[in-house]
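Each chain gets a letter, A, B and so on, in the order its sequence line appears, and its residues count up from 1. If you're wondering where the values come from, they're calculated on a predicted model, not measured in any experiment.
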Amino acid sequence: MLDIKLIRENPEKVQELLNRRSEEDYALQPILELDSKQRELETSRSQLSARSNEIGKSIGQKIRSGSDPKGAEIGALKAEGNEIKSKLSELEPQEKELKAQIDNLLLQLPNLPDESTPIGKDERENVELRRWGDEYLPQNGKILPHWDIGEKLGIFEFGRAVKVAQSRFVSLVGAGAALERALINFMLDRQIAAGYLEVMPPILINSNSLTGTGQLPKFAEESFKCQDDDLWLIPTAEVPVTNFYREEILDASLLPIYHCAYTPCFRREAGSYGKDTRGLIRLHQFNKVELVKIVHPDTSEAEHQSLVQNAEEILQALKLPYRIIELCTGDLGFGAAKCYDIEVWLPSSETYREISSCSNCKDFQARRADIRFKEAGKKGTQYVHTLNGSGLAVGRTMAAILENYQQPDGTVKIPEALQPYLKREIL
RNA sequence: GGAGAGAUGGCAGAGUGGUUGAAUGCGACGGUCUCGAAAACCGUUUCACCCGCAAGGGUGACGGGGGUUCGAAUCCCCCUCUCUCCGCCA
């Protein structure tokens with residue numbers, strides 16, 4: 001959520017930054033108008049309350065000092081009190097309504113892109129920052145897509161998963177399941193060693209949590225909802241883990257907080273019909289190891305860089321070629337101010353595909369979720385900065401291994417670093 | 001699912017209609033003392049919003065929402081959550 005004070009005091013700047021995202025009309029004017037009405041009401045309302053408090057106090061004093069509670073003097077005060085009460089009963093609902101409207105509008109606004117985020121319309125204007133692992137690019141000509149090799153090896157089951165669920169679900173079988181498990185453990189161990197505290201959060205979460213990280217109210221159709229409860233399947237562990245600290249005031253000495261979490265993730269993938277219909281790339285359910293950081297605002301830039309590194313290290317350990325993309329303003333996610341994607345090489349389609357997305361949300365989620373910190377000796381509180389990134393998407397990592405480690409005879413080598421986890425060298 | 005109990009400041013824990021933003025204790029912070037520390041003593045110690053250049057002033061908040069009243073932490077209603085017992089269950 002954007003700071004209403006910032007919008008109030010600097011509407012042109014806010015407008016300009018929002019416009020960098022897209023040509024959508026972010027109409028700040030209605031917010032400003034509602035805001036000034038609300039403040040007007042608040043001023044008159046609080047003046048009335050002040051008088052009402054005075055009356056209450058003075059009635060109390062008079063009664064205690066012997067005035068007749070049924071007498072004329074107290075009667076007059078009561079009458080005035082009643083008059084104020086009736087005025088307040090008109091003002092209060094109006095003010096409440098205004099606040100709700102303002103809140104509604106604010107919740108719809110995306111984060112401001114960071115000044116350093118490259119300006120661009122869509123993913124075509126993302127900026128490639130660097131590549132890693134060219135020396136590991138597979139050399140042999142014909143590489144089967146991972147779904148074909150997986151099917152040959154008998155490690156996936158698509159048809160039966162569709163039968164028991166729906167399209168865009170998969171079951172891993174035998175070595176496939178073991179490989180998935182091995183990858184999860186491998187990733188977690190690495191991130192724990194890098195200083196992240198592991199969490200296994202709830203996978204069903206309430207609406208407040210989704211609002212806190214920005215998936216609601218705008219993107220309700222992207223998550224699965226349980227009809228009879230205010231509970232949703234998590235689209236990413238970012239949501240429960242960041243919301244761990246919702247409505248808390250943390251002691252500054254606790255920062256930075258680093259968490260990693262393995263969870264399944266559930267996405268409706270509405271609007272992606274016909275895209276990536278085969279394989280492990282785009283599923284309604286997939287596994288992910290997520291990294292979440294809650295940090296002091298002064299350090300969030302550096303924390304962002306190291307977050308990306310932590311995700312990269314997994315690919316480096318697995319010797320999978322990748323590149324780092326800096327998203328342009330037009331491709332930036334709703335809550336992000338700045339975002340780096342890591343894209344892994346998929347030789348069967350000769351493309352780099354997103355395997356991690358590392359965002360700095362700055363204070364945007366912190367405002368929505370009300371996550372603050374207090375520095376000893378300093379008056380008041382400040383909002384933390386929140387960051388998150390995949391470390392990594394497990395299914396896509398498996399796809400990358402199946403393709404990049406494919407051998408001419410149709411077998412797949414297991415990356416060395418993973419062998420101790422899977423306890424075999426070849427699939 | 002059935003029956004009961006409860007939700008107060010960082011924590012513990014008073015408060016059942018009138019200067020109660022809230023006693024008391026602990027903790028934390030500052031000071032005195034000390035070579036230093038402990039102890040003791042003194043003091044401080046919530047957050048948000050609004051008005052104001054400022055000094056300052058005001059409002060709101062005792063799980064959440066409504067109601068009664070001139071006045072609610074205190075009374076009434078609804079909701080949420082927690083705990084205990086029974087049932088069920090991985």
- Short side-chain donor-acceptor distance under 3.5 Å, A:E198 and A:Y262: no
Could I get a table of every N or O pair under 3.5 Å where one atom is in the protein and the other is in nucleotides 17-20 of chain B?
| from | atom 1 | to | atom 2 | distance (Å) |
| --- | --- | --- | --- | --- |
| B:G18 | O2' | A:R64 | NH2 | 2.8 |
| B:G18 | N2 | A:G56 | O | 2.9 |

- Message: From NZ of A:K70 over to P of B:C70, roughly how many Å is that when rounded to an integer?
- Response: 12 Å
- Closest to the 5' end of RNA chain B, once A:A79 and A:K5 are matched to their nearest nucleotides, is A:K5
- Message: Please determine whether a side-chain nitrogen or oxygen atom of A:R372 lies at a distance below 4.0 Å from atom OP1 or OP2 of B:A48.
- Response: yes
- Query: Is a side-chain donor or acceptor of A:H284 paired with a backbone partner of A:R267 at a separation under 3.5 angstrom?
  - Reply: yes
- Message: Just N and O in the side chain of A:K374: are any of them under 4.0 Å from OP1 or OP2 of B:U46?
- Response: no
- note: A:D230, atom CG; B:G64, atom P; distance rounded to Å ~ 18 Å
- Quick one: A:I102 CD1 to B:C49 P, roughly how many Å, whole number? 14 Å
- Query: Any luck finding a side-chain donor-acceptor pair between A:N206 and A:S209 under 3.5 Å?
  - Reply: yes
- Message: In whole Å, I'd like the distance from the CD atom of A:E40 to the C1' atom of B:U59.
- Response: 17 Å
- Query: What is the distance, rounded to the nearest whole Å, between atom CG of A:L48 and atom P of B:U59?
  - Reply: 11 Å
- Item | side-chain N/O A:N53 vs B:U59 OP1/OP2, d < 4.0 Å | yes
- Consider the side chain of A:E42, meaning its heavy atoms from C-beta on, and name the nucleotide among B:U59, B:C50, B:A48 that approaches it most closely. B:C50
- Query: Taking the C1' atom of each, how far is B:A7 from B:G18, in whole Å?
  - Reply: 25 Å
- Query: Which is true for A:D251 with a 4.0 Å heavy-atom rule: it touches a base, it touches only sugar-phosphate, or it touches nothing?
  - Reply: nothing
- Is the distance from OP1 or OP2 of B:G52 to the nearest side-chain N or O of A:R39 less than 4.0 Å? no
- Would you mind classifying the nucleic acid contact of A:K62 as base, sugar-phosphate or nothing, using non-hydrogen atoms under 4.0 angstrom? nothing
- Query: Which nucleotide in the list B:C47, B:U59, B:G71 gets nearest to the side chain of A:I249?
  - Reply: B:C47
- Side-chain heavy atoms of A:E238 within contact of A:K288, under 4.5 Å: no
- Message: Counting C-beta onward and ignoring hydrogens, is there a side-chain heavy-atom pair between A:L320 and A:T397 closer than 4.5 Å?
- Response: yes
- Message: Suppose you measure atom P in B:G1 against the same atom in B:C79; what distance do you get, rounded to whole Å?
- Response: 14 Å
- Message: Using whole Å, what does the distance between atom C1' of nucleotide B:C49 and atom CZ of A:R367 come to?
- Response: 14 Å
- Would you mind reading off the distance between A:E248 atom CD and B:C47 atom C1', rounded to a whole angstrom? 15 Å
- Query: Are the side chains of A:I7 and A:L106 in touch, meaning some heavy atoms are under 4.5 Å apart?
  - Reply: yes
- Item | Nearest-Å distance once atom P is located in both B:G60 and B:U20 | 16 Å
- Note on the structure: The answer to which of A:Q38 and A:G81 contacts RNA chain B further toward the 5' end, by nearest nucleotide, is A:Q38
- Span that lies between the C1' atom of B:G64 and that of B:A12, in whole angstrom: 24 Å
- Task: Please give the nucleotide sitting opposite B:C41 as a Watson-Crick or G-U wobble pair, both distances under 3.5 Å, or none.
- Result: B:G31
- Item | Who pairs with B:G18 - Watson-Crick or G-U, where each distance is under 3.5 Å | B:C70
- Write down the partner of B:A12 under the Watson-Crick or G-U wobble criteria, each distance required to be under 3.5 Å. B:U24
- Task: Write down the distance separating the C1' atoms in B:A22 and B:U8, rounded off to the nearest Å.
- Result: 9 Å
- Message: Base, sugar-phosphate or nothing for A:R8? Non-hydrogen atoms, less than 4.0 Å.
- Response: sugar-phosphate
- Message: Need one value for A:S58: base, sugar-phosphate or nothing, where a base atom within 4.0 Å counts as base even if backbone is also close, heavy atoms only.
- Response: nothing
- Can you tell me, in whole Å, how much space there is between the P of B:C77 and that of B:A5? 13 Å
- Message: Counting C-beta onward and ignoring hydrogens, is there a side-chain heavy-atom pair between A:S207 and A:W232 closer than 4.5 Å?
- Response: yes
- Nearest-angstrom distance, P atom, B:C76 to B:U82: 24 Å
- Task: Assign the ring pair A:F364 / A:F334 to parallel, tilted or perpendicular, where the plane angle (0 to 90°) is split at 30° and 60°.
- Result: perpendicular
- Query: Which base, if any, makes a Watson-Crick or G-U wobble pair with B:A55, both distances under 3.5 Å?
  - Reply: none
- Message: Under a plain distance cut-off of 3.5 Å, with no hydrogens placed, do A:E375 and A:Q382 share a side-chain donor-acceptor pair?
- Response: yes
- Task: Starting at atom CD of A:E54, determine the distance to atom P of B:G58, rounded to an integer number of angstrom.
- Result: 9 Å
- For B:G60, which nucleotide in any strand shown is its Watson-Crick or wobble partner with both distances under 3.5 Å? B:C47
- Distance-only donor-acceptor check, side chains A:S171 and A:R160, under 3.5 Å: no
- Message: Work out how far the P atom of B:A37 is from that of B:U24, and round it to whole angstrom.
- Response: 29 Å
